[in-house]
Amino acid sequence: MIHPTPRLRFAPSPTGPLHLGGARTAMYNWAAARALGGTFLLRIEDTDQARSSDASLQIILAGLRWLGIDWDEGPEKGGAFGPYFQMQRLHLYRQAADELLARGHAYHCYCTPAEIEAGRKELEAQKAGFTGYNRRCRALSADQRAAFEREGRRPNVRFRMPDARAMKIHDLILGDVEVNTRDFDDWVMLRPDGVPLYNFACVVDDIGMKITHVVRGNEHFQNGIKQRLLFEALGHECPLYAHIPLILNKDGKKLSKRDADTNMLDYRDKGFAAEAVFNYIALLGWGFSGDRDVFTRDEMVAVFKIGGIGKSGAKFDEEKLRWMCGEYVRRWSPADLVARSRPWLEAPVTSAQFSPQAARLHALAAAGLELPPVPAHTFQFQAAWLQNVLACYQERVAILSELPGKLPWLFQQAPTLDAAAQKNLAKEPAAKDWLRGFADVLAAGNAPPSYRPWLPELDKADVRKGADAAVVLPSKKDAPEPVCAFDTPAQIEAQCRAFVERLGIKFGNFVHPLRAALTATDKGPGLFDVVFLLGKETCIERLRAAAL
RNA sequence: GUCCCGGUCGUCUAGUCCGGCCUAGGACCUCAGAUUUUCAUUCUGGUAACACGGGUUCGAAUCCCGUCCGGGAUACCA
C-alpha cells in the first residue's frame, strides 16, 4: 500500500470556548501533522444547532492562534476538501445515509423519546447487561412504517450494529483492545430533519477529508468502535486512532467546558505567555525528554511521536505553569520584554474589541491596585529608560499582569509607603539624618537626571541625556564598568559606601531605610540601579521628604 | 448495572514494549544552605514514589493473575 499523505484534523464543536483539553488535542494533532510532514486542518462540528454559536467559534480560533497552532485548511483558510463546517455539508450526510439505508446498514426508527426510555427501563428491569435502545424498529414492515407516517411521526436513521461481533482493534496509544459489538447501541446517525449526529458526520467527513490519523480525547474511545464499523459499512479503510487520556481537574474529574477558568483566552488575559502555556500543555501527558521540560515548538515537532503520549490522565498544575512562564520571560530579549509588557502597562486605549489593556484594568481593580500610568509617549520618547526599568524586573516577574503592581514608585510623584517600607524607615532613630546626608552626597554627585512621568508637561526630549543607552541594567557583578557621562550604579554604590563609612554605621543598616524612602517598598531592583533609574533630582526630593 | 481504560515522589513525568545498567532519574512544589543591599534570579544539598496480594524467574517498577482505587462510555451532545 502506498502511504497516503498524513492528514490530521482538530474538530471542535463551537459550543463553548477552547479549553485546556481541546487545546492539547489540537496541539498533539498539529504536532503530529508537522512531524509527519502532513496537513493539519480544522473542521467545525456545528451540528448541535442549539448550542453552537459564532462567538464560540471566534474564541476557539483566537485561542488556537494565540497558542501558535496554525492550520492549513479550514475556516478563514479554505482548502480543497471543504466546506469545513458540517452544517454546510448536509447533502453529503444525506447521501451517505441513503446508501447505508439501501444496503441495510441503517434503518428508520420511529420511536419517540418516551418509548425509547420505556424500552430502556424494561431492559434494566430484566437486569440485562446492555440497557440501550431495544431496537424495536429494526424490522418494521411497510404497513407499520406507513402507520407511523400517518401518525405524523418523522423517523431518524439508526445504524445497524452487528449483533455480537468480537473485535480486536488497535489504538496508537492504548495498544490492542478487545470489544464486542453487543455492548453497543444501534446509534442514531441522522435526526429527522437531516442534521447528522457526531459519529456519523465525523466518519463521512473523515472519509471526505482523507483523514489518516485521529488523535482525540479518550472519551471518544467507544465512539471509535462505532466509527470503525461505519467506515467498514461505507467501504473505506479507517484512519489510525489515538485516544489520549483526559486532563483532570483538581478533583480528578474530566475537565469540563463549563469550567470558566479553563478557557485558553483567560490565560492570555491573565498575562501568561503563550509559548509557556503551549509548552506546559504539551507536558500534560507527554515528555520531551527525561531531563528537559522547556522546549520550543520546533523542538517538539522534531521529536514528537503519537505513540509517545502517555496513557494516564494528568492533573493541571498552575504552579508549574507559572514557573514555566517565568522561564520564558527570562529568556526574552530586552526589546521583546518591552513589547510584550506594553499592553499591560500602557494607559488604556479605547477599543470596542478585547484588549489586554482592558484585561489589565480588571486585574488591577480586582487586586485593589492603583493603575500604574505608563503614558504612551514614555514608550516612544523614553524607550531606553523604560527598557532598563523593565529589564530590572525581568527576573522578578513570571506573569505579565504582575508587572504594573510593582512599578508605582517609578511612575508616581509621591508613592505611598507600604507597611514594610514604613517599618524600615522607623527602625533606626537616626535614619532621617542619614538620608538627609545621603541626599547631600547625591547633590554633590553626578547621577543621571530624572525622568518624571507624572509631570503634566512631559518632556519629549531625551531628559536622561543618553544615560540609559550607556548603562545597561540590571547591573551585573562581573560586567565591565560602562562608559557613561553620569555616575553609574557602581559609582553611586562607591559613594554610598564611603558615606556610610564616614558615618561609622553598617552598610546593611543604611540600605533598608534608603530603599524604603526611594521605592516606598522593601522589594525591587538593586538599590543603586534604583538610584540610577530614579535620577538625581527625584532621589534627592524623596530623601529629603522622608527626612522631614 | 454493563463495557472500556488507567494506577511510578503531593503534582507533571523518565524507565515498562525487548525483565538485570533502577540502592527508580528529571522538573514543579517544599525544606536547608551558599551568593547578596531587599525581593527575585542563580547555585548546592535534603525530604518524597514503583496501589496491594499472589505467581513466573537466578533476578520484576518492568511479564501473568486477582484485588482495590480512579477515570471514561453507555444521548435525537460532541
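Numbers restart at 1 for each chain; the letters A, B, ... are given by sequence-line order, proteins then strands.
- At whole-Å resolution of the value, CG in A/Leu248 and C1' in B/rG7 are 12 Å apart.
- A/Asp291 has its CG atom 16 Å from the C1' atom of B/rC28, to the nearest Å.
- Side-chain N/O atoms of A/Thr521 include none lying less than 4.0 angstrom from OP1 or OP2 on B/rU38.
- Using a 4.5 Å heavy-atom cutoff, the side chains of A/Trp286 and A/Arg24 are not in contact.
- In this structure, A/Asn156 reaches the bases: a heavy-atom distance under 4.0 Å links it to at least one base atom across the strands shown.
- Look at A/Lys311 and you'll find a side-chain N or O under 4.0 angstrom from OP1 or OP2 of B/rG6.
- Each side-chain hydrogen bond (donor to acceptor under 3.5 Å, both in side chains) pair with one or both residues in residues 503-523 of chain A, not counting sequence neighbours, appears once here: A/Asp418-A/Thr521.
- Base pairing analysis places B/rG7 opposite B/rC68; the two distances defining the Watson-Crick or G-U wobble pair are each below 3.5 Å.
- As rounded to whole Å, 18 Å separates atom P of B/rU11 from atom CG of A/Leu321.
- Pairing partner, B/rU47: none, since no Watson-Crick or wobble contact has both distances short of 3.5 Å.
- Applying the 3.5 Å distance criterion, the base of B/rA40 shares no donor-acceptor pair with the side chain of A/Lys523.
- Remark: the separation of the C1' atoms in B/rG10 and B/rA73 is 30 Å, to the nearest Å.
- In this structure, A/Asp522 reaches the bases: a heavy-atom distance under 4.0 Å links it to at least one base atom across the strands shown.
- If you check distances only, the side chain of A/Thr131 does reach the base of B/rG1 with a donor-acceptor pair under 3.5 Å.
- A/Gln394 comes within 4.0 angstrom of nothing in the nucleic acid, heavy atoms only.
- Note: A/Phe295 and A/Phe288 have parallel aromatic rings, judged against thresholds of 30 and 60 degrees for the angle between ring planes.
- Residue-level contact check: A/His220 touches the bases, meaning some heavy atom is under 4.0 Å from a base atom.
- As judged by a 4.0 angstrom heavy-atom cut-off over every strand, A/Leu284 is placed among residues touching the sugar-phosphate backbone only.
- A distance of about 39 Å separates the P atoms of B/rC43 and B/rA60, rounded to the whole Å.
- Within 4.0 Å (heavy atoms only), A/Gly326 reaches no atom of the nucleic acid at all.
- In this structure, A/Leu527 atom CG and B/rU37 atom C1' are separated by 6 Å, rounded to whole Å.
- At the phosphate of B/rG1, neither OP1 nor OP2 sits under 4.0 Å from any side-chain N or O atom of A/Arg120.
- Nucleotide B/rU2 is matched to B/rA73 when pairs are restricted to Watson-Crick or G-U wobble geometry with both distances under 3.5 angstrom.
- Taking atom OH of residue A/Tyr133 and atom C1' of nucleotide B/rA75, one finds them 14 Å apart after rounding to whole Å.
- Side chains of A/Ile211 and A/Leu8 form no contact here, defined as non-hydrogen atoms less than 4.5 Å apart.
- Residue contacts for A/Arg497: at a heavy-atom cut-off of 4.0 Å it reaches the sugar-phosphate backbone alone, with no base atom in range.
- B/rU35 and B/rC28: their C1' atoms are spaced 23 Å apart (whole Å).
- Look at A/Arg216 and you won't find any side-chain N or O under 4.0 angstrom from OP1 or OP2 of B/rA78.
- As judged by a 4.0 angstrom heavy-atom cut-off over every strand, A/Asn199 is placed among residues making no nucleic acid contact.
- The side-chain heavy atoms of A/Leu230 and A/Asn199, taken from C-beta on, include no pair separated by under 4.5 Å.
- Among the atoms of the strands shown, none is found under 4.0 Å from any heavy atom of A/Arg292.
- Side-chain atoms of A/Arg89 and A/Tyr84, non-hydrogen and from C-beta on, never get closer than 4.5 Å to each other.
- Checking the phosphate oxygens (OP1, OP2) of B/rC29, no side-chain nitrogen or oxygen of A/Arg322 falls inside 4.0 Å.
- With a 3.5 Å ceiling on both atom-pair distances, the Watson-Crick or G-U wobble partner of B/rC58 is B/rG20.
- Here the separation of B/rC3 from B/rA51, taken at their C1' atoms, is 24 Å to the nearest Å.
- Only the C1' atoms considered, B/rU2 is 32 Å distant from B/rU62, to the nearest whole Å.
- The distance between atom CZ of A/Arg182 and atom P of B/rC4, rounded to the nearest whole Å, is 9 Å.
- If you take NZ of A/Lys476 and P of B/rU41, they are 14 Å apart, rounded to a whole angstrom.
- Nucleotides B/rA49 and B/rG25 place their C1' atoms 12 Å apart, quoted to the nearest Å.
- Residue contacts for A/Pro245: at a heavy-atom cut-off of 4.0 Å it reaches no nucleic acid atom on any strand shown.
- Contact annotation for A/Gly132: no contact, since no heavy-atom pair falls under 4.0 Å across all strands.
- Using a 4.5 Å cut-off on side-chain heavy atoms (C-beta onward), A/Tyr28 and A/Phe304 make contact.
- Counting only heavy atoms from C-beta outward, the side chains of A/Ser13 and A/Asp48 never approach each other to under 4.5 Å.
- For A/Glu327 and A/Gly287, each mapped to the nucleotide of RNA chain B holding its nearest heavy atom, the one lying further toward the 5' end belongs to A/Gly287.
- Relative orientation of the A/Trp434 and A/Phe510 rings is perpendicular, given thresholds of 30° and 60° on the angle between their planes.
- Using atom P as the reference point in both B/rC18 and B/rC65, the two lie 15 Å apart (nearest Å).
- Only the P atoms considered, B/rU47 is 12 Å distant from B/rG26, to the nearest whole Å.
- Summarising the geometry, the separation between CZ on A/Phe316 and C1' on B/rG10 is reported as 17 Å, rounded to the nearest angstrom.
- Residue A/Cys392 is classed as having no contact, given no heavy-atom separation below 4.0 Å to the nucleic acid.
- Nucleic acid contact for A/Phe130: none, since no nucleic acid atom lies under 4.0 Å from a heavy atom of the residue.
- As judged by a 4.0 angstrom heavy-atom cut-off over every strand, A/Pro525 is placed among the base-contacting residues.
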